[in-house]
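Reading through the structure tokens given below for one structure.
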Amino acid sequence: MTGIISRRFGGKRRPAEPGRIPPGQYETRDFQVLSAGPTPRVALEDWDFRVVVEGCEERRWAWEEFCALSREHFVRDIHCVTKWSKLDTEWEGVSIDTLLAGVQSEAKYAIAFCDGGYTTNLPLADITGGKAWIVDSYGGQPLAPEHGGPARLLVPHLYFWKSAKWVRGLRLAKEDAPGFWEALGYHNYGDPWREQRYWND
Amino acid sequence: MTDAKPRTVRAPEILWRAAEILEILSETPRVKSLWLRVPSWPGHRPGQHVDVRLTAEDGYQAERSYSLASAPETALPGREVIELTIERLGEGEVSPYLTEEVRAGDRIELRGPIGGYFTWTVADGGPLVLVAGGTGIVPLMSMLRHRAQRRSNVPAWLLYSSRDFDDIIYREELDRLAAADDRLSVVHTLTRGAPAEWSSFERRIDPEMLASVAPRPEMRPLCYVCGPTEMVESVSNALVDLGHDPERVKTERFGPSGD
Ligand SMILES: Cc1cc2nc3c(=O)[nH]c(=O)nc-3n(C[C@H](O)[C@H](O)[C@H](O)COP(=O)(O)OP(=O)(O)OC[C@H]3O[C@@H](n4cnc5c(N)ncnc54)[C@H](O)[C@@H]3O)c2cc1C
């Protein structure tokens, strides 16, 4: 904190509902795109979702099998580390609880892995208990490729880089290890309400 | 991206600092550059950005990201200066303030450098393909300035899309850099009409244009694409279609365009 007041700065985007916009964020109605490289391409015939527990594959669903799992429809606010927040976004997909049901493990952490090589790490407790989903539908439409289609992880209570696009599976592990952005100086946990943007926040 | 598994970056700390505005330059009718002195600036790599934070009288704060335009070589111990280049978006909250309200001598809060993936230094080699739309030129300019400062002979191509001739940011400096360097090619395209004597492209960047400007995929160039979301999406897809390795195409999206 350096305590500088910006002379004649009034601010134009004060949140209408302050309790819903975390510090340093502003509300946008667009759905912006952020990724480090080109949008990967994968044919649905080649798509699968895997759960790997301490190195061994425990579960695998092909696209059709994934689509047959029980689905949830829900509305959440999302917060991107590049400062925008979007309220009341509407999603449909499969709860991580459904995907991990019956998996026996002492793991405390999960790494989401993706087409294109992206990874992100999360405490298992943050993606279970109704807090995270693999979604394949946004706003009632199939999820567009630039937004992570065919399917992405959605963990709305953390900064949006944790909601890995083009996700292909979860690796559960006893040890925590930084993912892609986490290794590049972004925060390991990423709670928008505590403004945990960069590693030392 | 798989090969690019980065080293864990743990230093320097990303702290808020009070930066003093030294000089404000007009780049185009809507774009200004701010030269700032940042006490104990830790240095940066071309491609990185800073977060700027404005605070109103009542404590309300707004934060936005701005790329570093200057070469790292410009900021030396004892001479800790950086340049930001900002386009005014008419209804925006922060960019009109930074382009219209601030004066030399004012102080603003910023922190950085931030971002470790969309970066290039001479040590990364080449060939280098840079594709910019509008203010997307800013981080790529830092790369070109760094390349020139270091007298690197890595071959480099810049394809730069602007609306009008008058909207081309850093036009004269780019001309000078290209004139002084056989291994640097700068190609412009204008999307909203061009002056009568214009001899370069007059349309949005498309696969054909990329194929004619960029080196062949077999040369395995490192490609950096920066600009409005839609432009970055279409250019990066086109590069992959042309046969470039997706793992050598890095992108940075500044958000929706002002179009
Ligand atoms: C990593 C990164 C680096 C960036 N680097 C730069 C940089 O070097 N230079 C730079 O200028 N910007 C850069 N940006 C963009 C910058 O962070 C801001 O988003 C931009 O300045 C707009 O902020 P604002 O507060 O003025 O507008 P906001 O109040 O955030 O409003 C922006 C929103 O309003 C709309 N909008 C506002 N005005 C207009 C208009 N006139 N026409 C159309 N739509 C409009 C936009 O669609 C957008 O949704 C960067 C962004 C990122 C993520």
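As a basis for the values below, the full set of heavy atoms in this structure was taken, side chains included, without hydrogen atoms, waters or symmetry mates. A, B, ... follow the sequence lines: proteins, then strands. Residue 1 opens every chain.
A:Lys83 and B:Ser65 make their closest contact through NZ-OG, 3.2 Å (heavy atoms, listed as atom of the first residue, atom of the second, distance). Considering all non-hydrogen atoms of both residues, B:Ala56 and A:Gly10 come closest at CB-O, 3.8 Å.
Dense packing is recorded around CD of B:Glu100, with more than 12 heavy atoms of other residues, nucleotides or ligands lying under 6.0 Å away. The neighbour count for B:Arg37 CZ, taken as heavy atoms of other residues, nucleotides or ligands under 6.0 Å away, does not exceed 12. The environment of CD in A:Glu175 is sparse: at most 12 heavy-atom neighbours from other residues, nucleotides or ligands sit within 6.0 Å.
Rounding to the nearest 0.5 Å gives a distance of 9.5 Å between CG of A:Leu184 and CD of B:Gln48. Between the CZ atom of B:Arg17 and the CD1 atom of A:Ile4 there is a distance of 13.0 Å, given to the nearest 0.5 Å. Distance check, rounded to the nearest 0.5 Å: CZ of A:Phe9 to CD of B:Gln61 gives 9.5 Å. How far OG of B:Ser234 is from CD of A:Glu146: 11.0 Å, rounded to the nearest 0.5 Å. Rounded to the nearest 0.5 Å, atoms CZ (A:Arg197) and CD1 (B:Ile114) are 9.0 Å apart. The line from CZ of A:Phe180 to OH of B:Tyr117 is 5.0 Å long, rounded to the nearest 0.5 Å.
Using modelled atom types, one finds a donor on one side chain and an acceptor on the other under 3.5 Å when comparing A:Ser35 with B:Arg253.
With hydrogens and angles ignored, the 3.5 Å screen pairs a side-chain donor or acceptor of A:Asn200 with a backbone N or O of B:Ile14. With hydrogens and angles ignored, the 3.5 Å screen pairs a side-chain donor or acceptor of B:Tyr60 with a backbone N or O of A:Arg13. Without hydrogens or angle criteria, B:Ser236 side chain to A:Pro38 main chain gives no donor-acceptor distance under 3.5 Å.
Only the side chain of A:Trp181 comes within contact range of chain B, with heavy atoms under 4.5 Å apart. Of the atoms belonging to B:Phe118, not a single heavy atom falls under 4.5 Å from chain A.
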Dump the intermediate steps for side chain to side chain contact (heavy atoms under 4.5 Å, CB included) on B:Glu57 and A:Arg8, then the final yes or no. CA-CA 8 Å; B:Glu57 292 278 354; A:Arg8 294 195 306 280; over 6 Å; no
Should A:Lys12 and B:Tyr97 be marked as a side chain to side chain contact (heavy atoms under 4.5 Å, CB included) after you check the CA-CA gap, both sets of side-chain angles, and the distance that decides it? CA-CA 11 Å; A:Lys12 286 186 188 165; B:Tyr97 184 85; over 6 Å; no
As a quick check of understanding, evaluate side chain to side chain contact (heavy atoms under 4.5 Å, CB included) for B:Asn237 and A:Thr39, giving each step before the final call. CA-CA 7 Å; B:Asn237 283 333; A:Thr39 298; 4.3 Å; yes
Using the rule given for side chain to side chain contact (heavy atoms under 4.5 Å, CB included), can you reason through A:Trp199 versus B:Glu13, listing the C-alpha separation, both sets of side-chain angles and the distance that settles it, and then say yes or no? CA-CA 8 Å; A:Trp199 69 271; B:Glu13 277 192 288; 3.8 Å; yes
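If you tally non-hydrogen atom pairs under 4.5 Å between each of B:Glu252, B:Arg103, B:Arg111 and chain A, the highest count goes to B:Arg111. Counting heavy-atom pairs closer than 4.5 Å to chain A, the top residue among B:Arg64, B:Glu233, B:Glu101, B:Glu91 is B:Arg64. Interface summary for chain A: among B:Val235, B:Asp58, B:Val232, the most heavy-atom pairs under 4.5 angstrom belong to B:Asp58.
Between B:Arg53 and A:Ser6, every side-chain heavy-atom pair lies at or beyond the 4.5 Å cut-off.
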